[in-house]
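First up is the structure itself, then whatever we jot down about it.
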Amino acid sequence: MKSLQPFTKQVIRIIQNIPPGKVMTYGQIARLAGSPRSARQVVRILHSMSEKHNLPWHRVVNSKGEIGIKEEEFFLVQIMSLESEGVEFSKNNKIDLELYQFTPFYN
DNA sequence: ACCCTGACCGCGT
DNA sequence: AACGCGGCCAGGG
């Protein structure tokens with residue numbers, strides 16, 4: 001993973017460092033990686049590079065604490081993965097970010 | 001009209 | 001054929 005762009009490398013590193021039982025948001029990761037408006041790029045990286053770089057993709061949610069993924073199969077996998085780490089969901093499948101958001105430095 | 005968010009999608013390597 | 005890049009910009013509040 002040497003020839004990757006700096007932003008891409010940062011995003012991968014940040015995601016790899018999210019501890020179990022914690023989550024980060026797309027925008028938060030983009031900000032930390034140095035490109036505040038590039039949440040969409042984070043989505044892209046998550047979507048296409050999770051397996052190769054062994055990313056805990058299930059620990060990334062949207063800014064409201066919801067699962068961003070639409071496909072039912074992976075949607076359920078994500079919820080189950082997080083629940084197995086102790087993350088609790090409300091009945092409308094939402095996470096309390098105050099409780100579970102991981103903030104490495106500060107935003 | 002402005003600010004924030006986003007599991008995109010088509011192309012080049 | 002597969003993989004990484006774009007670092008914007010469309011859509012909603």
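To find a chain, count down the sequence lines: A is the first, B the second, and so on, and within it residues start at 1.
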> Rounded to the nearest Å, what distance is computed from the CZ atom of residue A:Arg40 to the C1' atom of nucleotide B:dC9?
Replying inline: 8 Å
> Taking A:Tyr100 for the side chain and A:Glu88 for the main chain, is one N or O donor matched with an acceptor at less than 3.5 Å?
Replying inline: yes
>> Between C1' on B:dT5 and CG on A:Leu97, what's the gap in Å once rounded to a whole number?
In response: 14 Å
> So does A:Thr8 get a side-chain nitrogen or oxygen closer than 4.0 Å to the phosphate oxygens (OP1/OP2) of C:dC5?
Replying inline: yes
> How close or far is atom P of B:dT5 from atom CZ of A:Arg31, stated in whole angstroms?
Replying inline: 6 Å
>> Distance check needed: C:dC5 C1' versus A:Ile45 CD1, whole Å only.
In response: 9 Å
>> I need the A:Phe7 CZ to A:Ile29 CD1 distance, nearest 0.5 Å.
In response: 9.0 Å
>> With a cut-off of less than 4.0 Å, is there a side-chain N or O of A:Lys52 near OP1 or OP2 of C:dG4?
In response: yes
> Is a donor on one side and an acceptor on the other found under 3.5 Å between the side chain of A:Asn92 and the backbone of A:Lys94?
Replying inline: no
> Over how many whole Å does the gap from A:Ile15 atom CD1 to B:dG6 atom P extend?
Replying inline: 13 Å
>> Rounded to whole Å, please give me the gap between CD in A:Gln5 and P in B:dG12.
In response: 17 Å
> Could you state the CE-C1' distance from A:Met49 to C:dA2, rounded to the nearest angstrom?
Replying inline: 13 Å
> Distance-only, no hydrogens or angles: does the A:Gln78 side chain make a donor-acceptor pair with backbone N or O of A:Val60 under 3.5 Å?
Replying inline: yes
> Where each pair must be Watson-Crick or G-U wobble with both distances under 3.5 Å, what dot-bracket representation of DNA chain B is obtained, with crossing pairs in [ ] and other-strand partners as |?
Replying inline: .|||||..|||||
> Hey, does A:Ser63 reach any base, or is it just sugar-phosphate, or nothing, if we go heavy atoms under 4.0 Å?
Replying inline: sugar-phosphate
> So, A:Gln16 side chain and A:His53 main chain: donor-acceptor pair closer than 3.5 Å or not?
Replying inline: yes
> Does C:dC8 have OP1 or OP2 sitting under 4.0 Å from an N or O in the side chain of A:Arg37?
Replying inline: yes
> Is the number of heavy atoms from other residues, nucleotides or ligands under 6.0 Å of A:Glu83 CD greater than 12?
Replying inline: yes
> Tell me: CD1 of A:Ile29 to P of B:dC4, nearest whole Å?
Replying inline: 18 Å
> Within the structure shown, what part of the strands sits under 4.0 Å from A:Phe7 by heavy-atom distance: base, sugar-phosphate, or nothing?
Replying inline: base
>> Does A:Arg59 form a salt bridge (charged side-chain N to carboxylate O under 4.0 Å, His left out) with A:Glu85? I'd like the steps, not just the answer.
In response: CA-CA 10 Å; A:Arg59 306 207 263 251; A:Glu85 295 179 353; 2.4 Å; yes
